[in-house]
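Notes for the one structure printed next.
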Amino acid sequence: MRISRIYIDRTLDESLELTNRETLNYIKVVLRLKQKDRLILFNGMGSEALYQTLDVHHKYINLEKINDIPIEHISKKIIHLYPCLVKTK
């Protein structure tokens with residue numbers, strides 16, 4: 001079974017209670033996750049963790065952290081972006 005990966009805008013604590021309506025809808029209706037299903041949560045600060053659902057209700061979802069996932073795929077390449085000016089007549 002494939003484990004879904006979801007972005008959340010908060011720190012990845014040992015236990016989480018998700019109450020955001022969009023996130024709840026995505027987890028319950030789109031992914032159809034039930035109790036004891038697993039998913040990976042990540043935030044924009046370079047953290048990833050594997051979680052298991054404890055309670056799935058219509059107003060919240062309780063999650064428990066199983067373990068942290070080390071991020072090893074960070075690129076060492078430096079990218080420089082430069083704007084291009086277009087000359088018009």
Side-chain angles (χ1 to χ4, degrees):
M1 178 177 153
R2 182 182 165 124
I3 297 177
S4 299
R5 191 169 177 262
I6 300 172
Y7 170 79
I8 60 168
D9 189 22
R10 59 190 289 187
T11 58
L12 301 178
D13 299 326
E14 291 299 317
S15 62
L16 292 176
E17 180 175 271
L18 301 179
T19 56
N20 182 331
R21 291 184 75 191
E22 292 176 4
T23 307
L24 287 174
N25 184 53
Y26 184 72
I27 291 173
K28 291 187 323 183
V29 177
V30 177
L31 297 177
R32 297 181 182 177
L33 294 182
K34 305 290 184 210
Q35 189 174 2
K36 296 190 178 183
D37 285 342
R38 294 181 176 195
L39 68 151
I40 296 173
L41 297 180
F42 69 99
N43 58 13
M45 297 174 273
S47 299
E48 276 188 342
L50 179 64
Y51 281 86
Q52 182 173 0
T53 57
L54 297 177
D55 297 319
V56 180
H57 295 281
H58 65 281
K59 291 191 177 184
Y60 65 90
I61 295 176
N62 286 327
L63 301 169
E64 179 181 40
K65 185 189 283 188
I66 297 173
N67 63 344
D68 288 316
I69 299 173
I71 299 176
E72 300 172 354
H73 58 275
I74 297 174
S75 177
K76 304 283 186 205
K77 296 180 181 179
I78 299 173
I79 299 173
H80 299 282
L81 299 176
Y82 297 100
C84 178
L85 301 176
V86 178
K87 189 175 182 180
T88 60
K89 291 185 180 184

*Side chain of Asn43, backbone of Arg10: donor and acceptor closer than 3.5 Å?*
yes
*For residues Asp37 and Arg32, report the shortest heavy-atom separation together with the two atoms involved.*
OD2-O, 4.2 Å
_According to side-chain hydrogen bond (donor to acceptor under 3.5 Å, both in side chains), does anything in residues 52-63 pair up with another residue at least two apart or in another chain? List the pairs._
Asp55-Asn62, His57-Tyr60
*Going from CG on Leu39 to CG on Leu31, what distance comes out if it is rounded to the nearest 0.5 angstrom?*
8.0 Å
*Kindly write out the residues that satisfy side chain to side chain contact (heavy atoms under 4.5 Å, CB included) with Asn67, not counting sequence neighbours, or none if the list is empty.*
Leu50
*How far does CD1 of Ile6 sit from CD1 of Ile40, to the nearest 0.5 angstrom?*
10.0 Å
*CD1-CG distance between Ile27 and Leu33, expressed to the nearest 0.5 angstrom*: 6.5 Å
*Apart from Phe42 itself, residues in the same hydrophobic cluster as defined by side-chain heavy atoms under 4.5 Å*: Tyr7
*Enter the distance from Arg38:CZ to Ile3:CD1 here, rounded to the nearest 0.5 Å.*
6.5 Å
*Looking only at heavy atoms, which two atoms of Ala49 and Leu12 are closest? And how far apart?*
N-CD1, 3.9 Å
*Supply the atom-to-atom distance Tyr51 OH to Asp13 CG, rounded to the nearest 0.5 angstrom.*
6.0 Å
*What's the spacing between Lys65 NZ and Leu41 CG if we round to 0.5 Å?*
9.5 Å
*Can you spot which of Leu16, Leu24, Thr23 makes a side-chain contact (heavy atoms from CB on, under 4.5 Å) with Ile61?*
Leu24
*Using atom types as modelled and distance alone, determine if a side-chain donor or acceptor of Lys28 lies under 3.5 Å from a backbone N or O of Val56.*
no
